[in-house]
There are 2 protein chains.
Amino acid sequence: MVQHSEIELSECSDCPIRHRAVCARCEEDELDLLESIKYYRSYSAGQTMIWAGDRMDFVASVVVGVATLSQTMEDGRTQMVGLLLPSDFIGRPGREIAPYNVTAVSDVTVCCFRKRPFENLLVTTPHIGQRLLEMALDELDAAREWMLLLGRKTAREKIASLIAIIARRDAELKDALPEGRLSVTLPLTREAMADYLGLTLETVSRQISALKREGIIELEGKRRVIIPNLPVLMEQTGDDSDGGPIV
Amino acid sequence: MVQHSEIELSECSDCPIRHRAVCARCEEDELDLLESIKYYRSYSAGQTMIWAGDRMDFVASVVVGVATLSQTMEDGRTQMVGLLLPSDFIGRPGREIAPYNVTAVSDVTVCCFRKRPFENLLVTTPHIGQRLLEMALDELDAAREWMLLLGRKTAREKIASLIAIIARRDAELKDALPEGRLSVTLPLTREAMADYLGLTLETVSRQISALKREGIIELEGKRRVIIPNLPVLMEQTGDDSDGGPIV
DNA sequence: GACGTGCATTGATTTCGATCAACCCTTTGG
DNA sequence: CCAAAGGGTTGATCGAAATCAATGCACGTC
C-alpha cells in the first residue's frame, strides 16, 4: 500500500507546501515540533487512501498529487464533496472515524501527523489552530459555492464552472493573467467529474462535446482542454460576470 | 431596522446559548472581555439582515430565532447554503464583505461583536479560536452532507431528509428518544424549503402531499408535521439505515 | 496481430422534476 | 363585506438529464 516516492522528502523547510499548509504560519521552532511527529505516505493513482468508517489515527496534508473526498449511498450513488490538492488537509482533530472516502486520483504523497500528538500541538501552538481555522473556513466557502452549483445550475453551467475553476487555479499557480489562450489538464476522469457535479458521465461527455462544438473550448486528447477565451467560458458558468479580481 | 426585544438580554452568564456558541469554552474572565464588545440586534420575520456584498463591521451569534444563508444568481435562482439556529455564528474573522444574504425567517435576535476587537480576542484568547474551529468543522460536515443531498438524492428523499433532520434536532433539544409519535414545526415556508433542497416549491408541496397520502407523515395545518414512526421516515431519506446513535 | 479492458463518445428512449396555470384558504385592511 | 395579498395545493404539459445500449478508441498483454 505504501509506495516509494522518488523525491526523498524530509526537511520541512524545503517542503513544497511549507507556506500554504497547516504549518504555514509556524515559526522555525514550531516547525521542529511538527517535524518530530510527521511521516510520509504515498499512494498510487486510483487507490482508496481511506474508507468511510475507518478508524483514523492520523491527520495529514497532501504534498503532491490530487485526491478526492466522497460519500456513497448504499445503492452506489456517489457524490464528491471535496477535491484535495497539494496543501489541503485531511482529517479532523478530535474525530475517530473517517466520514468520507479519500481516493487518490493521481499518485499522491501525504505528510501525516499522528493524531494525539497533533491534537496536543493544536492546544500549545496557536499558529497551527489559527491556520487550520482559516483553511476550514476556506473549505466551507468552497463547499457553499458548490452547493449553489449542485442545487441550481444546469448541466452546461456545471461543466463550464468546473473547467473555469480549474483554469483559474492553474493560471494563478503558474503566472498572473495569461489573458490569451490557456490550456489546462483536467485531473479527473469523466466519471469523477460526474460525481463531483452531480451528473452522469454521459451528460458530462455530451456537454463537453457541446462546448467543443461551439468553439468555447478545444480538446487535445481527452484530458487537455484549451480555452481560447476565458471570459467567454466564464459567461457559460451562470456566475456573476464580474467574477472576482482581474489580477 | 433594529427592533425592541421583549426579554432584556444583558448578562452573558445567563445567556441561552452560553454553552453552545463561540463563547462556549470561555472562562469567566474571558467572558468579561467578550461582554465588553458585544451588543444586541433584533430583526423581524422576513427581514434581510445582511445583503451579499455588504461591508460587515461585526460578527455575531444567533441568540433566538431562525435565519437563512443564501446565494442568488443574476436570474433569480437562489440556493440556501445554511440554516442558522440559536448559537450559530455569522460572519468570518478577516473578511470585509459578506458573501451571502442572511435573512430572518422568524423574529431573530443576534449578539454582535465589533469585528476588530473580536479579531484581537481571537489571537489573545485561544478558547474562542478553538471553539470557532470546532463550529466551522461542524458546519463543513453539514455542508458536505447537504452536497450529497443536492447532487444525488431524489425529490422525495430530499423532503424526507429535511423533515428527519429537523425532527432529530428538535428531539435532541427537548428530550432523549421520544420513540413514538413526534411532532415538529417546519420553520420554513415551502419556497424556503425549495431553495434549501434545490427544488421548486411545487415539487416540495407535491412530495409533502405524497408522504402524507402514504401515512408516513401527518399534517396539522401547513407547518406542523406529525411523524408517527421516525424509522419509517428515515427509510425514505436514502441514508444508511443505521443512521447514527440510538440515543 | 488478436484480444480484453478501461475510458469516452454518441444515439434512442424514458422519466423526474420544472414550468405554466388554475384555484383554495387565511389574513388584513379599507 | 369585499378586495388584495401571501402562502399553499393540484393539474397538465414540457424538457433536461437519466437511463439503456451500442460503438470507438488507446492501452497493455498473451
Side-chain angles (χ1 to χ4, degrees), chain A residues 44-47 68 73 75-79 103 105-106 149-163 185-214 217-225 236 238, chain B residues 44-47 68 73 75-79 103 105-106 149-163 185-214 217-225 236 238:
Chain A
S44 48
Q47 253 190 315
T68 64
M73 297 168 69
D75 62 5
R77 283 176 281 175
T78 93
Q79 176 65 50
T103 309
V105 168
S106 63
L149 177 143
L150 291 173
R152 293 302 185 195
K153 289 191 177 181
T154 64
R156 159 181 271 250
E157 289 169 339
K158 287 177 175 182
I159 294 287
S161 297
L162 179 64
I163 297 175
T185 303
L186 303 175
L188 303 171
T189 64
R190 298 290 185 261
E191 185 179 26
M193 288 187 238
D195 287 343
Y196 202 11
L197 299 171
L199 297 170
T200 59
L201 69 90
E202 293 95 327
T203 298
V204 170
S205 185
R206 276 187 247 276
Q207 294 297 335
I208 288 179
S209 298
L211 289 175
K212 181 175 116 191
R213 210 177 308 123
E214 296 170 34
I217 60 172
E218 293 161 27
L219 290 186
E220 214 168 63
K222 309 291 183 187
R223 292 297 194 89
R224 183 150 282 274
V225 174
Q236 307 298 315
Chain B
S44 47
Q47 252 190 314
T68 63
M73 298 168 68
D75 62 5
R77 282 177 281 176
T78 93
Q79 175 65 50
T103 310
V105 168
S106 64
L149 177 143
L150 291 173
R152 293 302 185 194
K153 288 191 177 179
T154 64
R156 159 179 273 251
E157 288 169 339
K158 286 177 175 182
I159 294 288
S161 298
L162 178 64
I163 297 175
T185 304
L186 303 175
L188 303 172
T189 64
R190 299 289 185 264
E191 185 179 25
M193 290 187 237
D195 286 344
Y196 203 9
L197 299 171
L199 297 170
T200 59
L201 67 92
E202 292 95 328
T203 298
V204 170
S205 184
R206 275 187 249 274
Q207 294 297 335
I208 288 179
S209 298
L211 290 175
K212 182 175 114 191
R213 210 177 308 122
E214 297 171 33
I217 61 172
E218 292 161 28
L219 290 186
E220 214 167 64
K222 310 292 184 186
R223 292 298 192 89
R224 181 150 283 273
V225 175
Q236 307 298 315

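Quantities reported herein were computed from a predicted structural model and do not represent experimental measurements. Order of the sequence lines sets the chain letters (A, B, ...), proteins ahead of strands, with each chain counted from 1.
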Sub-4.5 Å side-chain heavy-atom contact between A/Q207 and A/L199: no
Categorize B/R223 for me: base, sugar-phosphate, or nothing, with a 4.0 angstrom heavy-atom threshold over every strand shown. sugar-phosphate
To the nearest Å, give me how far apart CZ (A/R190) and C1' (C/dG6) are. 14 Å
Closest heavy-atom contact between A/G46 and A/T103? O-CG2, 3.9 Å
Spell out, as yes or no, whether a donor-acceptor pair under 3.5 Å connects the side chain of B/S209 to the backbone of B/S205. yes
Distance check needed: D/dA17 C1' versus A/I159 CD1, whole Å only. 12 Å
B/E157: partners by side chain to side chain contact (heavy atoms under 4.5 Å, CB included), with sequence neighbours left out: A/M73, A/R77, B/K153, B/T154
Nearest-Å distance, CG (B/L219) to P (D/dT9)? 7 Å
Would you mind reading off the distance between B/Q207 atom CD and D/dT9 atom C1', rounded to a whole angstrom? 14 Å
Tell me, please, which residues at least two apart from B/E214 pass salt bridge (charged side-chain N to carboxylate O under 4.0 Å, His left out). B/R156
Heavy-atom nearest pair, B/L188 first then B/A192, reads CB-CB, 3.9 Å
Taking all heavy atoms of B/I217 and all of B/I208, pick out the closest pair and write down the distance. CD1-O, 3.9 Å
Among D/dG8, D/dA17, D/dT10, find the nucleotide with the atom closest to the side chain of B/S209. D/dT10
Can you name the side chain to side chain contact (heavy atoms under 4.5 Å, CB included) partners of A/T200, sequence neighbours left out? A/E202, A/T203
For B/R152, the salt bridge (charged side-chain N to carboxylate O under 4.0 Å, His left out) test, sequence neighbours excluded, returns A/D195
Could you check A/R152 against B/K222 and say which one's nearest nucleotide on DNA chain C is further toward the 5' end? A/R152
With 3.5 Å as the limit, what N/O pairs link the protein to nucleotides 12-16 of chain C?
from: C/dA12; atom 1: N6; to: A/R206; atom 2: NH2; distance (Å): 3.4

In residues 191-204 of chain A, which residues come under 4.0 Å of DNA chain D by heavy atom? A/G198, A/L199, A/T200, A/E202, A/T203
Is B/T189 touching bases, backbone alone, or none of the nucleic acid, heavy atoms closer than 4.0 Å? sugar-phosphate
Report the distance from atom CD1 of B/I208 to atom P of D/dT10, rounded to the nearest whole Å. 11 Å
